[in-house]
Structures are given as structure tokens and as C-alpha cells.
Protein chains: 2
Amino acid sequence: MLKPTKTRPLDRIDLAILDALQKNSRISNVNLAKEVNLSASPCLDRVKRLEAEGYIERYGAVLNAAKLKFGLTAYVEVTLDKSTSEVFDSFAERVQEIKQIAECDMVAGGFDYLLKIRISSMAEYRAVLGEVVDIPGVAKNHTYVVIEKIKNDEGLPIV
Amino acid sequence: MLKPTKTRPLDRIDLAILDALQKNSRISNVNLAKEVNLSASPCLDRVKRLEAEGYIERYGAVLNAAKLKFGLTAYVEVTLDKSTSEVFDSFAERVQEIKQIAECDMVAGGFDYLLKIRISSMAEYRAVLGEVVDIPGVAKNHTYVVIEKIKNDEGLPIV
DNA sequence: AGAAAAAACAGCAGAATATGCTGGTTATAT
DNA sequence: ATATAACCAGCATATTCTGCTGTTTTTTCT
């Protein structure tokens with residue numbers, strides 16, 4: 001019989017560590033320990049455990065999109081004309097290859113996929129849209145260009 | 001007379017540094033230097049400069065949403081019934097307060113705002129939707145629940 | 001409730017890293 | 001061609017990481 005991996009629930013300190021790290025992943029361990037009222041060693045132990053248990057997927061830097069020529073964002077709704085796993089799979093595959101597609105979700109409620117694309121200009125948007133509509137099975141699409149960012153994704157509200 | 005701040009374009013090494021950091025912000029400076037074929041000091045200088053010039057907005061940890069009770073994602077399209085700056089402002093203000101709203105963009109092309117919400121259950125979704133429709137000026141909304149994540153946002157494709 | 005076991009904790013020491021400084025090189029502009 | 005400025009590598013010191021030890025607290029089982 002398979003013993004389930006011992007998965008202790010997270011306590012208040014674990015959540016404080018996760019929140020501190022998602023707000024600033026380059027904080028030194030000693031400062032992190034101070035922030036969560038722990039000494040350095042147990043704090044480091046907990047961070048290692050949270051990493052090992054998969055609560056932390058990765059540490060990343062958030063870059064300034066506008067300064068790096070990705071100032072425009074658009075959402076594209078895509079409808080496929082056939083619902084076969086073959087069409088789904090080839091669509092998913094092509095989506096990985098088009099680097100301007102930042103995110104792609106399969107959704108329920110009216111169309112099939114919602115794409116978030118990041119581009120530098122409408123000319124580049126036009127080029128990307130051309131690539132998307134050429135994917136086999138794509139029947140319809142509709143684009144919504146972002147005019148203003150109202151709320152930025154700053155991580156999970158775990159506190 | 002105001003001298004424009006000397007803004008040198010980014011070279012290949014700068015881009016390599018930014019890409020390495022967005023993929024792993026906790027890399028040590030000496031390893032980062034190795035990766036971009038530099039010695040430690042100039043590498044650190046460049047990182048500091050990229051931070052100061054705003055290319056790096058912040059360093060964060062990406063947490064596992066499913067393990068932290070945010071396993072469901074939904075997109076909500078919202079249409080307002082009046083286009084006054086007063087309605088816009090109060091909407092933006094309320095959006096900041098509702099913590100399940102991870103992202104909010106004002107868009108052109110059919111409706112006014114696209115919300116990305118993260119919740120743990122349909123019951124919580126129902127509660128959040130109630131809060132959204134109670135914001136003054138909200139006329140219509142439509143929800144698309146995410147069935148499958150096809151492509152995750154892994155940062156800007158700067159290489 | 002009490003004893004045994006397990007987990008968590010703080011402090012310490014050696015290894016690794018960050019960081020400011022110096023001198024030398026390369027690129028840029030006049 | 002020369003002067004100027006930016007960039008680079010290496011070094012020294014201060015800080016931080018990280019594994020280890022003994023102690024305390026919490027949990028579990030009787």
C-alpha cells in the first residue's frame with residue numbers, strides 16, 4: 001500500500017515566508033528570518049521544504065515590458081471549427097512556438113481559447129494574428145486591445 | 001537646460017542577464033557572471049544598472065496556485081452602463097480591493113474591462129461575482145471558466 | 001494525564017558570496 | 001590622432017549561506 005507523503009499543513013510562518021518571497025525573492029535569508037520572527041536556520045529549513053514540496057514553483061524577475069519592446073497587450077478569443085483531440089493538440093503545439101503568445105487558456109462559455117499576446121506595435125500584432133489564424137482548425141477570432149492596465153498581477157493573496 | 005539621461009541601448013550581455021534573472025532570480029552573481037561570460041564585478045554593475053534604469057521591476061517567487069487554494073481561474077468581461085470618469089475611477093478603486101481579482105485590463109473592442117480572477121471553488125466564484133456586479137455602473141458581465149492552462153506566462157521572450 | 005518520540009528551534013563555524021576599490025583596456029567623440 | 005568616458009578583471013573585506021549540535025517545544029500513543 002502506498003503511504004501518502006507526509007503533508008503538514010502550512011502554518012502562519014510558512015505563509016508569511018511565501019508572501020515575503022513572492023514580493024521580493026532576493027531578500028537575504030537573515031532578513032527574511034527577521035521579517036517572520038525566526039532565527040536564520042529554521043527559516044532556511046522552511047524555505048527549502050516549501051521549495052521541495054512544490055509550493056514555490058520558481059523565482060523570477062519581473063521585467064518592464066514597455067522598455068523591452070512589449071508595450072502592447074491584446075487578448076484574442078479563438079474558436080475552433082472541430083472538436084477533435086487532434087485539432088486541440090496541434091493548436092496547443094503551435095501556441096507554444098509563437099513567442100508573442102504570453103498565455104493561453106482553454107475556456108468554457110462561448111469560445112474555445114483565450115490568448116494573451118504581448119507585442120510592440122499593431123504591425124507586430126497583425127503578423128501574430130496571421131500566424132494564429134493559419135493554425136489548422138481555427139474558425140473565428142476576436143481581438144480586444146488593452147487600453148489601460150487597471151490591476152497588475154502581484155501574486156496570490158495568501159495573507 | 002535639461003540634459004536627457006544617458007540611456008545606452010542594451011547590448012547582448014544585458015539581455016542575457018535579464019533573461020537569466022527572469023528565469024531564476026536567485027542565481028548567485030558569480031554563477032550569473034559565468035552564464036553571460038563576464039567576471040563578477042562588471043556583472044554585478046550591470047545588474048545594478050538594469051535595476052536602477054527600471055528594466056527590472058521586481059524580483060518575485062511564483063507560487064503554486066493549486067496548492068494554495070487558488071486552483072480555479074476565470075475571466076470575466078464587464079460592461080459599464082455609463083462612460084464617465086467618475087464611474088471609471090470608482091470601478092478601478094473597487095477592483096483593487098477585491099483580492100481574488102488578479103488582473104484587470106480596460107480593453108477596446110466590445111466590452112470595457114477584462115478581469116482575471118483566481119478562486120478555490122465555484123462557491124467562491126459566485127461570491128466574487130456578487131461583489132463585482134454590485135460595483136456602481138456595472139451593466140453586464142460574462143464569465144469564461146478556465147478548463148485547461150495551455151501556456152503559462154514565463155516572462156518576456158527577449159532572447 | 002504522562003511518557004516517549006518527533007519536530008522545530010537558536011547559535012556556532014567554515015565555506016561561499018557580495019561589494020567597494022584600483023588599475024588597465026577598449027570604445028567613442030572631437 | 002588625441003582626449004574622454006565607459007567598461008572590465010582582480011583583489012580584499014564584510015556579509016551571508018549552510019551544515020551541525022544541543023536544547024526546547026509540540027505531538028502522539030498508552
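Every chain is numbered from 1, with letters handed out A, B, ... down the list of sequences.
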Closest nucleotide among D:dC7, C:dA10, C:dA8 to the A:Arg49 side chain: C:dA8
Whole-Å distance separating the [atom1] atom of [X] from the [atom2] atom of [N]:
X: A:Arg46; N: C:dA8; atom1: CZ; atom2: P; result: 7 Å
X: B:Ile13; N: D:dA6; atom1: CD1; atom2: C1'; result: 13 Å
X: A:Leu38; N: C:dA7; atom1: CG; atom2: P; result: 18 Å
X: A:Leu10; N: C:dA8; atom1: CG; atom2: C1'; result: 15 Å
X: A:Asn37; N: C:dA8; atom1: CG; atom2: C1'; result: 16 Å

NZ/A:Lys149: more than 12 non-hydrogen atoms of other groups inside 6.0 Å: yes
All pairs passing side chain to side chain donor-acceptor pair (under 3.5 Å) where residues 71-87 of chain B contributes a residue, at least two apart: A:Asp105-B:Tyr75
Pairwise salt bridge (Lys or Arg N to Asp or Glu O under 4.0 Å) hits with a residue in residues 135-145 of chain B, at least two apart: none
Charged N-O contact under 4.0 Å between A:Lys23 and A:Asp19: yes
Any A:Val47 side-chain heavy atom under 4.5 Å of A:Leu32 side chain: yes
Between B:Gln22 and A:Tyr59, a side-chain donor and acceptor under 3.5 Å: no
List the atom pairs, donor and acceptor, that lie under 3.5 Å between side-chain atoms in residues 107-117 of chain B and the rest of the protein, sequence neighbours left out.
unit_1	atom_1	unit_2	atom_2	d
B:Asp112	OD2	B:Leu80	N	2.7
B:Lys116	NZ	A:Glu103	OE2	2.6

Protein proximity profile, nucleotides 20-30 of chain C - base contact B, sugar-phosphate-only contact S, no contact -, cut-off 4.0 Å on heavy atoms: B----------
Positions of residues 16-34 of chain A (non-hydrogen atom under 4.0 Å from DNA chain D), listed by number: A:Ser28, A:Asn29, A:Val30
Results of side-chain hydrogen bond (donor to acceptor under 3.5 Å, both in side chains) for A:Asn31 - residues two or more places apart only: A:Ser28
